[in-house]
Amino acid sequence: MAQYWLFKSEPTTFSIDDLAKSPRQTTCWEGVRNYQARNFLKSMKVGDLGFFYHSNADPPAIVGIIQVVKAAYPDSFAFDSTSRYFDPRSAPDSPRWFLVDVRLVKKFPQALPLEQLRAIKGLEKMELLRKGSRLSIQPVRPEEWQRVLRLVPDGNSSQSTPR
DNA sequence: GCCAACGTTGGC
DNA sequence: GCCAACGTTGGC
């Protein structure tokens, strides 16, 4: 079964519009250098869906949906001493960091600001909304996924469970 | 720009 | 293995 995730990115570094302009609207998700986030990356399967979140943005917001199109593989940026993501402790024969490839599924017609999400009943336990949460890759519970989608015009939140 | 929260590092 | 120091994240 497909799992749900949330991917953080600072839009000044890589925004959802950057993804929209990428070839095949696909990119490798660079720069994860946190072990917990890495472990989540490694557990992703092709077909999993994720929210694209703009952090350090005005306002911080969920801005769309992406899909995992390639499962975790070694992050070669970590081997490149000229890369900002270089990590000398990672070697090709024992990679420490990984990437997945993701493709844009949908950019929301309107961003869903963090402030709005905080007011939604049923999202209280969402990792994104936890005080002090800094994880750049987060699991999202199916019920949280649906609740967020309900905020999107044409969100198809009930496509599998009509009510 | 501030600063609380968090993760990592490294001396001991 | 502890924990202080440090660097980073990210909302405000």
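Any value given below was found using the heavy atoms of this structure, including those in side chains, with hydrogens, waters and symmetry copies removed. In the text below, chain A, chain B and the rest are named by the order of the sequence lines, each starting its count at 1.
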For W97(A) and dT8(B), give me the distance from atom CH2 to atom C1', rounded to whole Å.
10 Å

Which nucleotide in the set dA5(B), dG10(C), dC12(C) lies at the smallest distance from any side-chain heavy atom of K8(A)?
dG10(C)

Any chance you could measure E10(A), atom CD, to N56(A), atom CG, to the nearest 0.5 Å?
4.0 Å

Over all strands shown, is R33(A) touching base, sugar-phosphate only, or nothing at heavy-atom distances under 4.0 angstrom?
nothing

Determine whether the aromatic ring centres of residues W5(A) and F40(A) are separated by less than 6.0 angstrom.
yes

is_close_aromatic(F52(A), W29(A)), centroid dist under 6.0 Å:
yes

Could you state the CE-P distance from M126(A) to dG11(C), rounded to the nearest angstrom?
13 Å

d(CZ, R84(A); P, dT8(C)) in whole Å:
11 Å

For dA4(B), does OP1 or OP2 lie under 4.0 Å from any side-chain N or O of K131(A)?
no

With respect to the side chain of Y35(A), which nucleotide from dG7(C), dT8(B), dC12(C) is positioned closest?
dT8(B)

Value in whole Å for how far the C1' atom of dA5(B) lies from CG of L129(A):
16 Å

Taking atom P of dG10(C) as reference, at what distance in whole Å does atom CG of L117(A) sit?
16 Å

Should R147(A) and E144(A) count as an ion pair when the cut-off is N to O under 4.0 Å?
no

CG of L128(A) versus P of dT9(C): gap in Å, rounded?
16 Å

Evaluate the criterion side-chain contact (heavy atoms from CB on, under 4.5 Å) for residue pair L6(A) and M126(A); output intermediate values, then yes/no.
CA-CA 10 Å; L6(A) 182 143; M126(A) 198 173 175; 4.3 Å; yes

With a sphere of 6.0 Å drawn around CD of E115(A), does it hold more than 12 non-hydrogen atoms of other residues, nucleotides or ligands?
no

Between R33(A) and D75(A) (salt bridge meaning N to carboxylate O under 4.0 Å), is one present in this structure?
yes

From CZ of R134(A) over to P of dA4(B), roughly how many Å is that when rounded to an integer?
14 Å

Under 4.0 Å: is that the gap between some side-chain N or O of R89(A) and OP1 or OP2 of dT9(B)?
yes

Distance check needed: dT8(C) P versus D87(A) CG, whole Å only.
14 Å

Residues within residues 48-64 of chain A bordering DNA chain C, heavy-atom distance below 4.0 Å:
Y53(A), S55(A), N56(A), P60(A)

